[in-house]
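Remember, it's 1-based here, ligands and their atoms both numbered in the order they're listed.
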Amino acid sequence: MATHSMTSLMKSDIYIDGHWIPTDSRFSVTNPATGETITEVADADETIAERAVEAAHQALPSWRAKTPRERGDLLRKWYQAILSNKQALAELMSAEQGKPIAEAAGEVEYGASFIDWFAGEAERVYGDVLPMTAADKRSWIIKQPIGVCAAITPWNFPNAMITRKVAPALAAGCTMVVKPPQLTPLSALAIAQLASEVGIPDGVLNIVPSTDSKNVGKVLTTHPFIRKFTFTGSTEVGKILTKQCADTVKKVSMELGGNAPFLVFDDADLDLAVEQLIACKFRNAGQTCVSANRVIVQESVVDEFINKLKPAVERLKVGPGDAEDVDFGPLIDQDAITKVQRLVTTAQSDGAKLVTGGKQLTDLGDLYFAATILRDVTPKMDVVQEEIFGPVVAISTFADEEEGVAMANDTDFGLAAYFCAGDVARIFRVSEQLQCGMVGINAGAISHAYNAFGGVKQSGVGREGSKYGLEEYMEAKTVVLGGLA
Ligand SMILES: O=CCCCC(=O)O
């Protein structure tokens, strides 16, 4: 199995049907830590996207005809190849996305874990034998791959958000076209190269980087060959893509925006709450859909909680992803910095108090923002209503459990929610009352290949990971056999 350097894994053309396809028009991928161009990537248009869909369509019959064991074996080889190249993939991801190399290596492992998990799950797809409906009939259900799938993936997790979709699709016997994000296409192209090296057949996985999200997105959501479309990104874009999928009635999975509450009750272990909040909030500099967005602390413990949180936040080291011991890196681009600065400034003018941070770290570069705590935040402030996607802890308070849960649920979103508490009855009560797809109790890190990832309300439809993740790429077919009398 080839072990690469970051440079030898840096592919910059479009990957269709096992071939690397250059284009005259190319776009720059830049390093957010320095602003420097890393490379120029081929820019797919609608015609190229259609070519990719046709390649996936051609590859489908022989891929779905393989046994689950054969598909699982190839997926396990891909998993091993990714792990063998963990360092190179982490360096590449850190360069294009900004996260610290150690965190990027963690994402590479996390991303690979979906491939390993679904390689195994491929062999655990069962149908059902149904109760008899008549003496001369027997009925059963078989599970079949849905067909050609398409995915549009986000820049914040350039590896894992691809493998979490591709691995179950391929395990189920589907083929796929992926449009990776314009800001971070290199991780996607690198894992496609490894898929090719381990023998994933041509056309089974196709990657179409593009700056033309609108038209390439249109092909992937309207092409009649595509039977399933999956997206991770904003709720606003997810709604548009879902509508586009409606004309050809595609199955969709949508992993959309969150506005996660993080409740701290008066019976919580406050040291543990601080530790878990930091793990949750500052992962990827806060640019994560399951990041705690609203920290809601019981009034009676808020001062003690902030006294513990402040020094821990001030110890966090900010810097370029390739520097030693960095806790978080730059934000992805100037728009992200502008948004975070606006949310912090308007919160203060609306009455919130700055505990620490609150400003850009311009001595490090253009895209760094200090780890920030705001207190006395109230529910109507923009910092509460919007997804911050930055390193800002915004703290409001509640009087009792009923009010805390009501505040947590007072949002159109319902992806993740977190709470810290000690009382067992409260733990059951609150976890059942929170309106969300995932709950962390005394735990700020909840993502794992075994867990079902996804949201309720406007945070999306469908689940990724877990045994449910494979179902999203399969159809149940009822078979009725008559004339048995
Ligand atoms: O922004 C959403 C990415 C999800 C990361 C995870 O799997 O925890």
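Within the 3.5 Å criterion, the main-chain N or O of F265 finds no donor-acceptor partner in the side chain of Q298. One N or O on the side chain of T242 and one on the backbone of G238 form a donor-acceptor pair closer than 3.5 Å.
Summarising the local packing, NZ of K77 is surrounded by 12 or fewer heavy atoms from other residues, nucleotides or ligands at distances under 6.0 Å.
The two residues Y110 and R283 come nearest to each other via the heavy atoms CE2-NH2, 4.1 Å.
A donor-acceptor contact closer than 3.5 angstrom links the side chains of S253 and E472.
The closest side-chain heavy-atom distance from V264 to L277 is not below 4.5 Å.
Enumerated by chain and number, the residues approaching ligand 1 to less than 4.0 Å through a heavy atom are Y110, N156, F157, M161, R164, R283, T288, C289, V290, S447, F453.
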